[in-house]
Amino acid sequence: QALNHQEYQKAYKLLIEILQKDKYFADGYFLLAMIASLHQNTAKALQLIKQAVMLSPQNCEYLAQQAKHYAINKEPIKAKESLLLAEKYQTKSALSIDTIGVTYSMLGLHQYAIKFYLQAVELSPSNADFSYNLALAQTFTGDFYAAYQSHLKVIKFKPNHCKSHFALSN
């Protein structure tokens with residue numbers, strides 16, 4: 001609940017207490033990593049995510065975030081390796097699937113990202129952020145009509161989405 005209310009110091013303290021009692025609680029390391037990432041400490045975030053992956057090596061969400069953080073830290077080969085594992089253990093979590101797509105996009109592999117964005121949008125059709133990610137990848141691959149349709153969907157669910165309005169005005 002502390003994380004949902006952006007009470008990061010409180011969440012951090014609670015997670016540390018939990019991990020002191022149970023050092024094998026993978027979610028604790030993962031949530032600490034997300035706090036570190038939100039505070040732009042991507043090296044620390046990656047270290048914590050790797051700990052979570054070590055404890056739960058088939059967790060798609062952890063693997064997708066590990067891939068994303070490898071990409072952020074300019075380690076594309078390790079990012080790709082983590083992506084392949086995330087795909088192998090893929091779940092029906094729209095957020096995890098979108099994160100796989102985001103990481104492919106970060107690596108410049110937009111044609112691969114589209115497949116995952118489409119799955120995320122299918123699982124969570126009213127999520128404007130997923131549709132926006134899809135629109136960007138479609139633009140990068142030159143599928144402008146599909147990108148146009150995706151931007152319209154973004155605006156349907158987020159009428160004040162400035163970036164989609166701007167994209168449609170060009």
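Throughout, residue positions are numbered sequentially from 1 according to the sequence presented. If you're wondering where the values come from, they're calculated on a predicted model, not measured in any experiment.
- Looking at S56, its side chain never comes within 3.5 Å of a backbone N or O of V53 through a donor-acceptor pair.
- Atom CD1 of residue I155 and atom NZ of residue K153 lie 13.5 Å apart, to the nearest 0.5 angstrom.
- Q58 and Y89 make their closest contact through O-CB, 3.3 Å (heavy atoms, listed as atom of the first residue, atom of the second, distance).
- No continuous path of hydrophobic side-chain contacts links L63 to I72 [ILVMFWY only; heavy atoms under 4.5 Å].
- Between F130 and A94, the closest heavy-atom pair is CE1-CB, 3.5 Å.
- Residues that satisfy the side chain to side chain donor-acceptor pair (under 3.5 Å) test with E81, not counting sequence neighbours, are absent from this structure.
- A donor-acceptor pair is defined here as one N or O able to donate and one able to accept, closer than 3.5 Å; no such pair exists between the side chain of S124 and the backbone of A120.
- Within a 6.0 Å radius of CZ in F157, other residues, nucleotides and ligands contribute more than 12 heavy atoms.
- H161 places no side-chain N or O within donor-acceptor distance of the main-chain N or O of K156, the cut-off being under 3.5 Å.
- S105 meets the side chain to side chain donor-acceptor pair (under 3.5 Å) test with H110, Y117; sequence neighbours excluded.
- Between the CG atom in L31 and the CD1 atom in I18 there is a gap of 8.5 Å [rounded to 0.5 Å].
- Crowding of E122 atom CD: a count of heavy atoms from other residues, nucleotides or ligands under 6.0 Å not exceeding 12.
- Of all non-hydrogen atoms in A26 and L55, the two that sit nearest each other are CB-CB, 3.8 Å.
- If you chain together hydrophobic residues whose side chains sit under 4.5 Å apart, Y145 and L152 never meet in one group.
- Under the side chain to side chain donor-acceptor pair (under 3.5 Å) criterion, Y62 pairs with D27, sequence neighbours left out.
- Here L84 sits in one hydrophobic cluster together with L83, I97, I100, Y104, L107, L109, Y112, F116, L123; the rule is ILVMFWY side chains under 4.5 Å apart, joined directly or through other members.
- Put simply, the side chain of S37 never gets that close to the backbone of M34: no donor and acceptor are under 3.5 Å apart.
- Residue M54 is not grouped with residue Y24 when hydrophobic side chains (ILVMFWY) are merged at heavy-atom distances under 4.5 angstrom, including chains of intermediate members.
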For this session: Start with the C-alpha distance between H151 and F166, add both sets of side-chain angles, then the distance that settles side chain to side chain contact (heavy atoms under 4.5 Å, CB included), and finish with yes or no.
Result: CA-CA 10 Å; H151 281 298; F166 180 75; over 6 Å; no
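- E7 CD to Q9 CD: the interatomic distance, rounded to the nearest 0.5 Å, is 10.0 Å.
- Separating the CD atom in E87 from the OG atom in S82 is a distance of 11.5 Å, to the nearest 0.5 Å.
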Can E61 and F30 be said to form a side chain to side chain contact (heavy atoms under 4.5 Å, CB included), step by step? CA-CA 9 Å; E61 182 178 16; F30 182 75; 3.6 Å; yes
Open item on the list: Show, in sequence, the C-alpha distance, side-chain angles and deciding distance for Q138 and Q149, and conclude whether the side-chain hydrogen bond (donor to acceptor under 3.5 Å, both in side chains) test is met.
Closed with: CA-CA 10 Å; Q138 290 166 326; Q149 296 298 318; over 6 Å; no
Which atom pairs, donor and acceptor, lie under 3.5 Å between side-chain atoms of residues 38-49 and protein residues at least two apart or in another chain?
| from | atom 1 | to | atom 2 | distance (Å) |
| --- | --- | --- | --- | --- |
| H39 | ND1 | I35 | O | 2.9 |
| N41 | OD1 | K44 | N | 3.2 |
| T42 | OG1 | N73 | OD1 | 3.3 |

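- No continuous path of hydrophobic side-chain contacts links F144 to F140 [ILVMFWY only; heavy atoms under 4.5 Å].
- Linking Ile, Leu, Val, Met, Phe, Trp and Tyr residues whenever their side-chain heavy atoms come within less than 4.5 Å places L95 and L134 in a single cluster.
- If you take CD1 on I77 and OH on Y70, they are separated by 12.0 Å, rounding to the nearest 0.5 Å.
- Qualifying ring pair (Phe, Tyr, Trp, His ring centres under 6.0 Å) partners for Y148, counting only residues two or more places apart in sequence or in other chains: none.
- Using a 4.5 Å heavy-atom cutoff, the side chains of D98 and N127 are not in contact.
- Across all their heavy atoms, G108 and Q111 have their closest contact at O-OE1, 4.3 Å.
- If you take OG on S164 and CG on L136, they are separated by 7.5 Å, rounding to the nearest 0.5 Å.
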